[in-house]
Amino acid sequence: MRPNLNNCLRPLARLALFISALCAVLPARAAEEPVLNLYSHRHYESDDQLFEAFKKKTGITVNVTQATADQLISRLRGEGKDTAADLLVTVDAGRLANASSLDLLQPVDSPVLKEKIPAHLRDPGNFWFGFTVRARVIVYAKDRVKPGEIKTYEDLADPKWRGRVLIRSGESVYNQSLVASLIANDGKAKAAAWVEAVGANLARKPLGGDREQVSAISRQLGDVAVVNSYYLGQMSVSKDPAEREAYSKVSIVFPNQENRGSHINISGAGITKYAKHPENARKFLEFLAGDEAQKVFPVETFEYPVNLSLDTSELHKTWGPFKADPLNLGELGKNHKAAVLLLEEGGW
Ligand SMILES: [Fe+2]
């Protein structure tokens, strides 16, 4: 029997009709204007280079509003649907997890981000992604402490360091996240004892940021300090000779290499729930995770790339490789409140 041409065409015609009806019902998705608005807690001039490179590649202009993560999060809450922000950028996973739990972010399903960023450096629900890594390291005075005398964060609580430990205030998110990681790894009771014991070992009441702790070692105010790795890189090439001098007086310890690895954190970002340019935001995240940007971070800001094989920093080579705590950084958000309470009770 010869096929009836009419019968063959009928299903096709129905399909065409269905598609045209669907198009009439669904609003056409207008192409986004070539703009991306960031709310960012990052504070590096070299980021402008990346914005330029992104614009060259995509034609999209990046606008930045800078403030602390807490200020940006409360602004996002206040603005609701009217926010101009497309992407929230922070220097701490705990803050991103917090923004996500406050329903301020939206998930993004991107095979590129999943491939480029290791699982523990991004949210399991795809609400935020890390694009650089920083280790919270210990430094010690080369002339007053022997190599191997201090190896772990837990060692900082040893009474042998009484009056010798330098660390910035517990109000810093860097220390809050460190304590959150201690809660996750050692339990709350041990973390509480650690906060108290470190408080008893302080060389002085916490003062200044991480760089100041390193400088204080060179002024012989204390012998060991806790500092984010990239500040050491920045001090090593600082315009201020006193900072370069301070850097030359210390040795770096990546803590806990014989057990879980050093506490790390990320610079990361999540697309806001009410982003007006979510596609541009996704493209930017993929750009940050891509090889070109990943190779810029280590040389410009001394942050580690999320893909360590792309580490271009000669300085990092002199420090040697290190093992990082594989804890999913979302855990920092879960333990953040408890960490803040412990630090408040600890009084530093
Ligand atoms: Fe910083």
Side-chain angles (χ1 to χ4, degrees), residues 38-50 64-73 88-99 121 128-139 153 166-181 206-217 225-240 243-244 246-247 250 252 254-255 262-270 288 293-294 296-306 311 313 315-316 319 322 324-325 329 332-333 336 339-340 343 348:
L38 308 191
Y39 274 10
S40 177
H41 188 181
R42 274 175 72 85
H43 47 86
Y44 314 114
E45 279 168 27
S46 56
D47 281 0
D48 293 342
Q49 254 188 57
L50 287 172
V64 185
T65 301
Q66 260 183 343
T68 69
D70 285 340
Q71 287 165 345
L72 295 171
I73 286 171
L88 175 68
V89 182
T90 77
V91 289
D92 167 68
R95 290 293 195 275
L96 285 169
N98 183 31
L121 305 178
W128 50 264
F129 300 84
F131 53 84
T132 70
V133 168
R134 48 271 301 286
R136 195 133 182 83
V137 301
I138 295 173
V139 292
Y153 301 109
L166 293 153
I167 189 166
R168 76 194 297 171
S169 160
E171 285 176 14
S172 159
V173 72
Y174 300 148
N175 285 335
Q176 292 165 356
S177 284
L178 172 60
V179 172
S181 83
L207 180 76
D210 281 3
R211 290 167 189 253
E212 165 55 26
Q213 314 314 315
V214 184
S215 296
I217 288 184
V226 180
V227 55
N228 277 359
S229 50
Y230 56 90
Y231 286 118
L232 293 166
Q234 291 166 12
M235 290 179 85
S236 75
V237 295
S238 173
K239 288 186 185 116
D240 178 356
E243 283 204 332
R244 293 200 304 274
Y247 172 75
V250 297
I252 301 173
F254 287 99
S262 301
H263 167 60
I264 54 165
N265 210 323
I266 51 164
S267 249
L288 291 179
Q294 288 288 300
V296 169
F297 291 119
V299 279
E300 289 296 335
T301 62
F302 297 100
E303 293 169 286
Y304 288 96
V306 289
D311 193 351
S313 164
L315 186 76
H316 286 169
W319 297 349
F322 73 100
D325 185 347
L329 294 183
L332 303 181
H336 183 256
V340 170
L343 283 159
W348 55 271

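Note that this is a predicted model, so its numbers are computed, not measured. As a basis for the values below, the full set of heavy atoms in this structure was taken, side chains included, without hydrogen atoms, waters or symmetry mates. Note that ligands are numbered from 1 as they come in the structure, with each ligand's atoms numbered from 1 the same way.
Contact check for W319 versus L232: side-chain heavy atoms found under the 4.5 Å cut-off. Side chains of M235 and V227 form no contact here, defined as non-hydrogen atoms less than 4.5 Å apart. H263 has its side chain within reach of L178: a pair of non-hydrogen atoms, C-beta onward, lies under 4.5 Å apart. Contact check for S229 versus R134: side-chain heavy atoms found under the 4.5 Å cut-off. Between V226 and Y174, every side-chain heavy-atom pair lies at or beyond the 4.5 Å cut-off.
Of all protein N/O/S atoms, those under 2.8 Å from the Fe ion (ligand 1) are Y174 OH, Y230 OH, Y231 OH, and waters are not counted.
With sequence neighbours excluded, no residue forms a ring-ring contact (aromatic ring centres under 6.0 Å, His included) with H41.
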